[in-house]
Amino acid sequence: MENGELARLLADVGVLLEITGANPFRVRAYENAARTVDDHPVPLKDMLAGGADLTALPGIGKDMAGHIREAIETGRLTVLEELKRKVPYTLVGLVRLPGVGPKRARKLWEALGVATLEELEVAAAAGRIEQLEGFGKKTQARILEGIATLKRRGDRFGIADADQLVAPLVAHLRRHPGVDRIEVAGSYRRRLETVGDIDILVIAADPGPVMQHFTSYGRVRRTEMAGPTRGTVVLDSGLQVDLRILPPESYGAALQYFTGSKAHNVKLRKRAVARGLSISEYGVFEASEATAEAERPPAGRRLGGATEEDVYAAVGLHWIPPELREDRGEIEAAERGLPKLLTTDDMRGDLQMHTTWSDGKHSIHQMVDACAKRGYQYCAITDHSKTLAMTGGLDAQALREQWREMDEVMARRSDIRLLRSLEIDILRDGSLDLDDETIAGLDLVLVSIHTLLDLPPAQQTRRILKAIEHPAVHVLAHPTGRLINRREPYAFDLDEVLHSAKQHDVALELNAHPQRLDLRDTQAMLARELGVRIVIDTDAHQVQELELMRYGVEQARRAWLEPKHVLNTQPLTKLLRQLGKKKL
DNA sequence: GCCGTTTTCGGCCCGACTGTTTTCAGTCG
């Protein structure tokens, strides 16, 4: 059982517990455990097989470790089976609808016998929902809309798609004279690879007109709610956007709070409570009993909140970059000082791109020119090898012809160095799709898998291991092969591959294309911890895609990477010396 | 169900908005 599947089971237990009215802290324990499992870069089944103690993981205690072991060893979870005897498992699907939580899901089942989304849709269409106590016409309509939306698109938005949708909305909001400051917060600011919705924070003295301006944005399909400080709309793209309007003195506290993540904020607030403080989106306050009763603003003395630095300083921490705010050790690290994270300015070159020689849209000259304009010292031309016939992959003879054209291009310029490279296919048996003699003529050897994606895991692992053991290989490109929201990663043992990559001095690629971002953040973190070098490149198939480098850098920041962890932050001479160490 | 520079028991983050409501539960982030 893979971690994702396991996490899903634990999360489902949490939802069913909630529906059955269990202790809410027990519910949260399952939610927390699910997140830990989902985030963990190494399959828990492998850790168990290796005799690891799962209770060392955050939020996993003795009981939870037992549940996980049971699920992995038997494929079933007794605690889940018992819950399924009390309530239908399909109720977890109802809770995914906006406006439907555990209480209403239970009510729908008990009063109407509705257990699935299909049954719910039928009941709502027949007008039977609005007659239930605690429901009404609006809730019924909202449920129908929610089901329709779920049918249209269940997935989260890729970060690059979100960028496209957010920019014009922010421009729209900025045009209102009452808007003092504006920031996009939430997972968007943390640069998560996908976002479920968008949180926008606005500082304005008079919120009413700004909220009005927000809901009147031309691409709003419907307004879910619009109060004095909070509003929610759904855009015609299906993207949900939340707007929060706060006064200037709360700017930092609000930005901190709305940036999240939830787990990060919970830990931060606990830390505040332990120091006799209270943190909310309005600021940092001295805790006082008087504030317990929903008093706004809180009565305790206000200690700060105008800046994010205020908030962190109040609990003895340095400011934490948004990309790190996932409760993965950043709060503990911020007591001492945090890593100096990579930026796009640190990148000295791009080490994967395609040209018209295979499936790219632009010539070598055009790609090199665009790289030089970005200020790079070097770039590698990495067309496909011959096995990928549909891309026009190059054989040894075509590759030598390409080298001649590269020499001609380079003869005309001294501002950037072009590296001879190829994205060589790893064949079924792990051998490479190019002869050693020709490989010896390359400056940079990239290998990757594009075929036979569904080999049995052990065989897939052996195939990849054999390829990276080849003495000339520098980089394993898009190591897991996933396409976000479209294709799962290949089934293989990443942990073993990382250890071998360390041993054989092979770098792993963090592919910057926002549909790949492969490695994912936690996997790149693991690579860093094991001392495996990372390459960040765009895999550009046209000059415009060279811009995508920023997404790779953002993902790297989420993995705590510093310039020293990334091969292509090195200046040209150091890079060449590094690459030259590997010889046939 | 987890966790521990007050604790191995008794805690566990904070606030807004809506709908269906005569004062608030449920949901959401």
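Chain naming here is simple, since letters A, B, ... match the order of the sequence lines and numbering starts at 1 in each.
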Partners passing side chain to side chain contact (heavy atoms under 4.5 Å, CB included) against A/A33 (at least two apart in sequence or in another chain): A/L10, A/I60, A/M64
Salt bridge A/K84-A/E81, side-chain N to carboxylate O under 4.0 Å: yes
Nearest-Å distance once atom P is located in both B/dT8 and B/dC14: 23 Å
Within residues 248-266 of chain A: residues closer than 4.0 Å to DNA chain B (heavy atoms): A/Y257, A/K262, A/V266
Within residues 19-27 of chain A, residues whose heavy atoms come under 4.0 Å of DNA chain B: A/N23, A/F25, A/R26
Side chain to side chain contact (heavy atoms under 4.5 Å, CB included) partners for A/P207, two or more places apart: A/I245
Side chain of A/D199 - closest among B/dG29, B/dC14, B/dC28: B/dG29
Rounded distance in Å between the C1' positions of B/dC17 and B/dT23: 16 Å
Electrostatic pair A/D163-A/R550, nearest N-O below 4.0 angstrom: yes
Mate of B/dT8 where both pairing distances stay under 3.5 Å, Watson-Crick or G-U: none
A/H176 and A/H213 aromatic ring geometry - parallel, tilted or perpendicular at 30°/60° bounds: tilted
Sugar-phosphate only, base, or nothing, as touched by A/Q240 at under 4.0 Å among non-hydrogen atoms: sugar-phosphate
B/dT5 versus B/dC12 - spacing of their P atoms, nearest Å: 16 Å
Residue-level proximity of residues 222-234 of chain A to DNA chain B when a heavy atom falls under 4.0 Å: A/M225, A/A226, A/G227, A/P228, A/T229, A/R230
Sugar-phosphate only, base, or nothing, as touched by A/I279 at under 4.0 Å among non-hydrogen atoms: sugar-phosphate
Presence of A/Q140 side-chain N/O under 4.0 Å of B/dG19 phosphate oxygens OP1/OP2: no
Short side-chain N/O contact to B/dC13 OP1/OP2 from A/S278, under 4.0 Å: no
A/E281 or A/E133, whichever maps to the more 5' nucleotide of DNA chain B: A/E281
Atom C1', compared across B/dA16 and B/dG11: separation rounded to whole Å: 26 Å
Spacing of A/L91 atom CG and A/I19 atom CD1 [to the nearest 0.5 Å]: 4.5 Å
Residue pair A/Y251 / A/E308, side-chain donor-acceptor N/O under 3.5 Å: no
Touch class at under 4.0 angstrom, heavy-atom based, for A/L97 against every strand present: sugar-phosphate
Strand contacts (DNA chain B) in residues 58-69 of chain A, 4.0 angstrom heavy-atom criterion: A/P58, A/G59, A/I60, A/G61, A/K62, A/D63, A/M64, A/H67
Polar contact flag, side-chain donor to acceptor under 3.5 angstrom, A/Q523-A/D518: no
Under 3.5 Å side-chain donor-acceptor pair for A/Y188 and A/D199: no
